[in-house]
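Numbered from 1 within each chain, the chains take letters A, B, ... in sequence-line order.
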Amino acid sequence: MAQKPTIPKGTRDFNAGEVAKRSYIIDTIKEQFKLFGFEPIETPSFENSDTLMGKYGDEGDRLIFKILNSGEYLKKLSNDDFESKSESVFTPKISEKALRYDLTVPFARYVVQHQNEIAFPFKRYQIQPVWRADRPQKGRFREFYQCDADVVGSTSLLQEVELIQLYDAVFSELKLEGVAIKINNRKILSGIAELIGAKDKLIDFTVALDKLDKIGEEKVKAEMRRKGIQEDGISKLEPLFNLTGNFSEQIDKLKSILTTSEIGLKGIEELEFINETISSIGIKTARLQLDVTLARGLNYYTGAIFEVSAPEGVKMGSIGGGGRYDDLTGIFGLNDVSGVGISFGLDRIYLVLEELNLFPEAIKETTKVIFISFGEQEALVSLQAVSKLRDCGVKAELYPDAVTSGKQMKKQMNYANKRNIPYVVLVGEEELKNESFALKNMVSGEQINMSLSALIEALS
RNA sequence: GUGGUUGUAGCUCAGUUGGUUAGAGCGUCGGUUUGUGGUACCGAAAGUCGCCGGUUCGAGCCCGGUCUUCCACCCCA
């Protein structure tokens, strides 16, 4: 019985048209990465589990694809291991490798491992797939591409400024106008947590706060209470829920809230610098927005946090994210190296461009001309012409199977038609005799006999 | 991990309260047309109704499980 072939949940095949569109996005991003001085690296699709585990929080650990050990791994287990029924005990004993979950942690590992070869500040970009054992839904896959640009070895806030420009440059280039680059600062969140006496509950606090625009003020407060944050602390958040005005007005209000928090004020100072610098150099089509509720993302961020959302009206999760991490290489033994980076979510950007019909027509690249195949003699002459055309940069090919009847002719024409090949050349008995080529325009149906040089002229 | 949803021909989908031989459009293949595609007309092939089990005289339809799709939650690009 033939089994029905399927692909795993959350994965996809891409046809030629889809690949062309994906390449268009990737090429655009890559071009801007290079323009900003980033250099490419690649890392393996799987890492040692130790490298990944514990870097993304408990939820992240759950979503990491683990790779089963090879060999007779069960024989090495003790009865206690089986009895434990505990994933945290059992899993490490049968799995020592895992598929990468993002590009930032493998990058940190790379930096530490190659620190002596690297010139700091090190600016790298990386475009590779990542895997998450998540349940698929809109814009969410188990295999998807991230396009990352990071700088390590510089604490300068000018890096943040440049990364904002980079976001703006890429989305402007993709004609995706009006994206919102939301920015926040972990230090401000720490400051607020300190202020409300929830310093030890920073993650719980930020996760709850992040949901503000989705579930509303009351539910956020309820969640904070549930997580054990004191009522008098929550009441101090009141001004935060009503934070309005433009970037600098919001900054001013935050200043008055966080007067007693050293770390909070530091965060404000950073944001202020970034905003002022961006204002003075300007951005093209994106909008930079301060969003104090922005907290999602990895818990290794220590300074700026970025998130990019699609233009208004497009229902899609974030299409990019990033931030500054002061200590990521520290985990792997290299201290005092600060990094900051951003990521583009290729697959989501694709969906957004598709929804807004923003893919240019020109990216549908196909063969420009196909030669109809009649017989051995004709094929030889055709192949010579095909070679010359290719030398001139014309995408040309010969249909491989010869015409043996009128049906075959029809079949070959049909083939050209279906592949949207705009020109067909016929070299049959007569053309062979006259040393001519019959060039047929598949759109107009017009057909002209000409010499080889005229053919090359016409097609290049 | 939680809740809901979907699955019938290659594709998009019909299929009545459970009742003979499961349909359509598109596509494919063949013909009208043996050196000319797209249009038209004629014809044909194509399905274990996701899979496993149950209820029933009888299941595409009802029930349970499982996989898959999509959506929401959690979390995230």
Which whole number of Å gives the distance between the P atom of B:U8 and that of B:C74? 32 Å
For B:C57 versus B:C13, give the span between their P atoms, rounded off to a whole number of Å. 37 Å
Distance check needed: B:C75 P versus A:L63 CG, whole Å only. 11 Å
Quote, to the nearest angstrom, the C1' distance that separates B:U36 from B:U20. 50 Å
The residue, A:N417 or A:R140, whose nearest nucleotide of RNA chain B is more 5′ is A:N417
According to a strict under-4.0 Å criterion, is A:K211 in side-chain N/O contact with OP1 or OP2 of B:C74? yes
Under 4.0 angstrom, heavy atoms only, what part of the nucleic acid is A:F344 near: base, sugar-phosphate, or nothing? nothing
Nearest-nucleotide 5' precedence on RNA chain B, A:K440 against A:G60: A:K440
Could you give the NZ-to-P distance, from A:K411 to B:G37, as a whole number of Å? 15 Å
Parallel, tilted or perpendicular: ring planes of A:Y415 versus A:Y399, cut at 30 and 60 degrees: perpendicular
May I have the list of side-chain donor-acceptor pairs in residues 305-319 of chain A shorter than 3.5 Å, sequence neighbours left out?
none

Parallel under 30°, tilted from 30 to 60°, perpendicular over 60°: which one fits the rings of A:F371 and A:F437? perpendicular
Contact class for A:G57 (heavy atom, under 4.0 Å): base, sugar-phosphate, or nothing? nothing
Below 3.5 Å is the cut-off: list the nitrogen or oxygen pairs between protein and nucleotides 39-46 of chain B, distance only.
none

Does the side-chain ring of A:F374 lie flat on the base of B:G35, meaning centres under 5.5 Å and planes less than 30 degrees apart? no
Return all side-chain donor-acceptor pairs below 3.5 angstrom for residues 16-23 of chain A, not counting sequence neighbours, or 'none' if the list is empty.
residue: A:E18; atom: OE1; partner: A:N15; partner atom: N; Å: 2.8
residue: A:K21; atom: NZ; partner: A:E354; partner atom: OE1; Å: 3.4
residue: A:K21; atom: NZ; partner: A:E354; partner atom: OE2; Å: 3.2
residue: A:R22; atom: NH1; partner: A:D347; partner atom: OD2; Å: 2.9
residue: A:S23; atom: OG; partner: A:V19; partner atom: O; Å: 2.8

Under a 4.5 Å cut-off applied to non-hydrogen side-chain atoms, are A:R124 and A:D148 in contact? yes
Could you provide the dot-bracket string of RNA chain B, using ( ) for intrastrand pairs, [ ] for crossing pairs and | for bases paired to another strand, with Watson-Crick or G-U pairs below 3.5 Å? ((((..(..((((.....[...)))).(((((.......))))).....(((((..]....))))))..))))....
Contact under 4.0 Å: A:K315 side-chain N or O vs B:A72 OP1/OP2: yes
Please tell me whether A:Y145 and A:Y350 form a close aromatic pair, meaning their ring centres lie under 6.0 Å apart. no
Just jot down the salt bridge (charged side-chain N to carboxylate O under 4.0 Å, His left out) partners of A:K211, sequence neighbours excluded, or say none. A:E223
Hey, can you tell me if A:Y325 and A:Y300 have their rings parallel, tilted or perpendicular (30° and 60° cut-offs)? perpendicular
Nucleotide-resolved protein contact map, nucleotides 3-8 of chain B, B/S/- at heavy-atom distance under 4.0 Å: B-----
Hey, is the side chain of A:Q137 poking within less than 4.0 Å of OP1 or OP2 on B:A72, counting only N and O atoms? yes
Across the strands shown, which category fits A:E430 at heavy-atom distances under 4.0 angstrom: base, sugar-phosphate, nothing? base
Is A:G10 touching bases, backbone alone, or none of the nucleic acid, heavy atoms closer than 4.0 Å? sugar-phosphate
Taking any heavy-atom pair under 4.0 Å as a contact, classify A:V424: base, sugar-phosphate, or nothing. nothing
Report which part of the nucleic acid A:E431 touches: base, sugar-phosphate, or nothing (heavy-atom distance under 4.0 Å, all strands). base
Using the C1' atom as the point on both nucleotides, what is the distance between B:G43 and B:G35, in whole Å? 26 Å
Examine B:U28: is either OP1 or OP2 under 4.0 Å from a nitrogen or oxygen in the side chain of A:K418? Give yes or no. yes
Sugar-phosphate, base or nothing in reach of A:S343, heavy atoms under 4.0 Å: nothing
